[in-house]
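Order of the sequence lines sets the chain letters (A, B, ...), proteins ahead of strands, with each chain counted from 1. These numbers were taken from a predicted model, which means no experiment stands behind them. All values below were derived from every heavy atom in this structure, side-chain atoms included, with hydrogens, water molecules and symmetry-related copies excluded.
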Amino acid sequence: MEEKIKNFFEGPGKEATEHLGAGGNVIITIGKASYILEITEEREIKVGRDGKKGGDIEISGEEGIVKDLFSSSSFDEFSKKMISYIGSGQEPEVKILMDRTDENSAKFQRVYAYFLRKLFLYK
Amino acid sequence: MMIERKELLTGGVPATMEAILNEQPFTISEADEKRILEELRKVTSPERVRDELYTRAYYRGGAFTIKGRTLSYRLPDIVAYPESSAEVQEILKIASKYRIPVTVVGTQTYPMGGRPLKGGLVLDVKGMKRIHKVDTEHSYVVVEPGVTVEELMSVIRPKGYMVATGSYPSSFSVLSTLTTFIAVHNMGNRMWDQVIGLEMVMPDGTTLYTGTSVDPDAELWTDVQNSFPGLTNLFRPSWTTIGVITKAAIRIWPLLEKTALPVFGFDDFEPAFRWTHAMSKSSMVDQTMVWSWIYVGQYEFARHRYLDYVEARMKYNQDQTPEQLNLFNCYAWAQMRGYKEEVEGAVETAKRLAGQYGGHYLPEEELQEKTPGIWQAWRAYHKEFWPILWGGPQPNIGPKLKPEPLLKGGKGEGPAMSSTWTGTTEEIIKMYNGLKLKLKEYGYKNWRYYSRMFNSGQTAWFRFFPAVDAGTQEEWEESLKMWDEIVGYVLENYKVFGARGEFLFEDPENPEDIVGRAKPIRRIMSAVQKEFDPEGIMNPVQKKYSLL
C-alpha cells in the first residue's frame with residue numbers, strides 16, 4: 001500500500017502534491033493501517049508505514065474506497081471517483097490533529113488547505 | 001431559448017469578450033492631447049487633471065470577477081477630478097468637442113462606471129463630496145457622488161438616522177451602490193427604492209433633473225405626484241453610458257424609539273426561508289435574511305476555533321447540522337425599527353411564527369455567549385446600524401471591530417463564484433434543493449448562501465457563492481466552465497431571474513441585435529443616448545455591448 005500511495009502522489013496525484021507545503025505531514029489511515037505522507041524541504045515525497053506520530057492531518061476511509069482512489073491512473077479519474085464518493089457520502093474523512101492555535105491555523109492555510117482542495121476534500 | 005436566457009441573465013460569452021477586447025483604442029495626437037489637457041485644466045485646476053502613468057494605471061477598472069480581470073487591461077489617457085456639477089459640465093463639453101471616450105469612476109469600483117475599455121478620459125467623481133441637504137424631518141438627504149456611506153452616516157447617525165447599505169465597505173459612495181449598481185441593501189423589504197430623484201449632467205452639457213427638482217422653487221425634493229414620467233429609474237442601474245449623476249436625493253430612515261433583531265436557529269433552509277417570507281409581510285420588518293451555517297461559521301470562527309470550522313466544513317453536508325461547532329443548520333432574523341410598542345409586538349410575532357416553522361429563538365445573551373463573532377456583526381450592522389463592514393477601512397464612528405487576520409478577501413469570504421437570483425419563494429426553495437445535488441457534482445459538500453426578502457415579501461432573493469480558489473489561468477478557466485454549467489443548470493430547471501447582465505448581445509458581429517424581449521429597452525436607451533450624446537463619448541464600448 002505504501003507503494004500505491006507513493007505512486008499516486010508522484011504520478012496521477014502530483015497535481016495535488018505540488019500544493020502540499022514543505023514539511024507537510026499527512027497521515028493516511030486505511031482500515032486499521034496508517035501511513036504517513038511527508039514532503040521534505042527538497043520537495044521529496046516520502047511514504048512510511050505506521051506513521052501516526054507527528055501528523056498534522058489525518059485522511060481516513062474504508063479500505064476499498066481509499067485503495068480505489070489511490071489506484072486511479074489519472075487525476076481526472078481520481079476526481080470522478082471522488083465526486084462519486086462525495087455524492088454517496090462515502091468519501092474519506094479528514095481530521096485536523098494540530099492544536100487549535102493561531103499559528104496552526106496559519107499553518108493549515110499555508111501547508112494543507114490547497115492540497116486538500118485539490119483532492120476535493122476541502123471545498 | 002436556453003442560450004438566449006443565459007446571455008440575458010449572466011452576460012458575456014467568449015465571443016462577446018473577444019469582440020470587446022478587439023475594440024480599437026482611442027488614439028490622439030500629442031498636440032491634441034496637450035491642447036485638451038490645457039482646456040481641461042482651465043475649467044478645473046492644473047492639479048486635478050493628470051496624465052502621468054502612475055495615475056492612469058490606477059484606473060484599469062474593477063477586477064473582482066473573472067470578466068473584470070479580463071477586461072481590465074486598458075489605461076485611460078487622461079484622468080480628471082471634478083469637484084462640482086459645473087466642472088463636470090465643462091469637462092463633458094470639452095470631451096464632446098474632441099470626441100474623447102469618457103468613463104466615470106466613483107469609489108474605484110465598477111458600479112460607478114468602471115473600465116476605460118477604449119482608453120480616453122476617466123472622470124473620477126470621488127472629490128464631489130458635498131452633502132447639500134440633510135432633512136431629517138422629511139427623511140432624505142441630497143448628496144454628491146463622492147460622499148461615502150461613512151461620511152453620510154457620521155452626519156445622520158448622531159441625529160438618529162441611517163441610510164440603506166448593503167454588503168459593501170462603508171468607504172463606498174452612497175450613490176455608487178444605490179443609483180448606479182443598485183446593490184441589495186438592508187432596507188429592501190420595507191422599500192427597495194431608495195432614490196427620490198437625480199441631477200445628471202449629460203454629455204452635451206445639459207443638466208437633467210428628475211422628481212420635483214425640475215422646479216427650482218420647490219423646496220421638497222420628492223417623486224410623489226409628478227406631472228411627468230418618473231425617469232429616475234431610466235438611469236438606474238447605470239454603467240455611465242448616458243450621463244454623470246452629480247447629485248441625488250436619497251431616503252434616510254429614523255431609528256425611532258427601538259430597534260430589534262430577533263434571531264432564530266433552524267434545522268433546514270426551507271422552514272427558515274418560509275419564516276422570513278411570513279415575517280416580511282409585517283410592516284415592521286426592514287429586512288429579513290437566512291444565513292447558512294457555512295457563512296455564519298466563517299464569521300464566527302475566523303479568529304477562534306478556525307481549525308474546528310475547517311474540519312466541520314470537510315465533514316458535514318449542506319443540509320446537516322454541524323454539531324461539533326454547536327451551530328444550527330441555518331440562522332434567520334428580522335431587522336426591526338419603530339416605536340417601542342410596535343417593535344415589542346413585532347418581536348413577539350416573530351417568535352410565534354418561528355415556532356410554527358420549527359425555529360428556535362436565540363436570545364441576545366445566548367448569541368453573545370455561544371456565537372459572539374456573528375452576533376457582533378449582526379448587532380452592529382442590523383440592529384444598531386453602524387456602517388461597519390469587515391475588510392474595508394474602519395469608519396471613524398461607531399464601535400471598532402476586530403479584524404479577521406486569517407482570512408483573505410474582505411469580509412473573509414475568500415475567492416468565490418457568486419450569483420444572485422430572484423423568484424417566487426417556492427421556486428427558490430426548489431432551486432436550493434437542486435443546487436445541493438448539483439454542487440456535489442463539482443465536489444462541494446457545502447457552500448455559502450444567504451437570502452433576503454424584498455418589498456414586503458413580493459420578491460424572494462437568494463445568493464449562493466461557493467468558494468473557488470483558482471491560482472492559475474487554467475484553474476480560472478475551469479472555474480468559469482463550472483460556473484457556466486451551474487448557471488445553465490439553474491436556468492434550465494428553475495423559473496428564476498438572475499441579475500447583472502452587463503454585456504448582452506446575441507451576435508458579436510451585430511451588437512445592435514440585442515436579446516429577445518429586451519430589444520425595446522435597448523431602443524429607448526439608444527434614442528436617449530443619441531439625443532444627449534451625439535458624439536457618442538459616454539463609455540462607448542460598454543454602450544455598444546450592453547442594454548444600457
A.B. asks: Decide if atom CD of B:Gln324 counts as having more than 12 heavy atoms of other residues, nucleotides or ligands within a radius under 6.0 Å.
C.D. replies: yes
A.B. asks: Tell me, please, which residues at least two apart from B:Tyr444 pass ring pair (Phe, Tyr, Trp, His ring centres under 6.0 Å).
C.D. replies: none
A.B. asks: So what's closer than 4.5 Å to chain A heavy atoms on B:Asp308: side chain, backbone, both or neither?
C.D. replies: both
A.B. asks: As an exercise, state the distance from CG of A:Asp99 to CG of B:Leu307, rounded to the nearest 0.5 Å.
C.D. replies: 9.5 Å
A.B. asks: For the pair A:Arg100 and B:Tyr306, evaluate side chain to side chain contact (heavy atoms under 4.5 Å, CB included) and give the outcome as yes or no after the intermediate values.
C.D. replies: CA-CA 8 Å; A:Arg100 274 38 179 167; B:Tyr306 173 70; over 6 Å; no
A.B. asks: For the backbone of A:Lys123 and the side chain of B:Arg313, can you confirm whether one donor and one acceptor N or O come within less than 3.5 Å of each other?
C.D. replies: yes
A.B. asks: Can you name the residues that form a salt bridge (Lys or Arg N to Asp or Glu O under 4.0 Å) with A:Glu63, not counting sequence neighbours?
C.D. replies: A:Lys67
A.B. asks: Determine, step by step, whether A:Gln109 and B:Val310 satisfy the side chain to side chain contact (heavy atoms under 4.5 Å, CB included) criterion, reporting the C-alpha distance in whole Å, the side-chain angles of both residues, the deciding distance to 0.1 Å, and the verdict.
C.D. replies: CA-CA 10 Å; A:Gln109 291 200 326; B:Val310 172; over 6 Å; no
A.B. asks: Of the listed residues (B:Arg305, B:Glu311, B:Lys440), which shares the most heavy-atom pairs with chain A below a 4.5 Å separation?
C.D. replies: B:Glu311
A.B. asks: What pairs with B:Asp267 under side chain to side chain donor-acceptor pair (under 3.5 Å), at least two apart in sequence or on another chain?
C.D. replies: none
A.B. asks: What part of A:Leu116 gets within 4.5 angstrom of chain B, counting heavy atoms only: side chain, backbone, both, or neither?
C.D. replies: side chain
A.B. asks: I need the contact set between residues 80-91 of chain A and chain B: heavy-atom distance under 4.5 Å, sorted by residue number.
C.D. replies: A:Ile83, A:Ile86, A:Gly87, A:Glu91
A.B. asks: Drop me the distance from A:Ile59's CD1 to B:Met314's CE, to the nearest 0.5 angstrom.
C.D. replies: 8.5 Å
A.B. asks: Please classify the contact between A:Lys107 and chain B as side chain, backbone, both or neither, with a heavy-atom cut-off of under 4.5 Å.
C.D. replies: neither
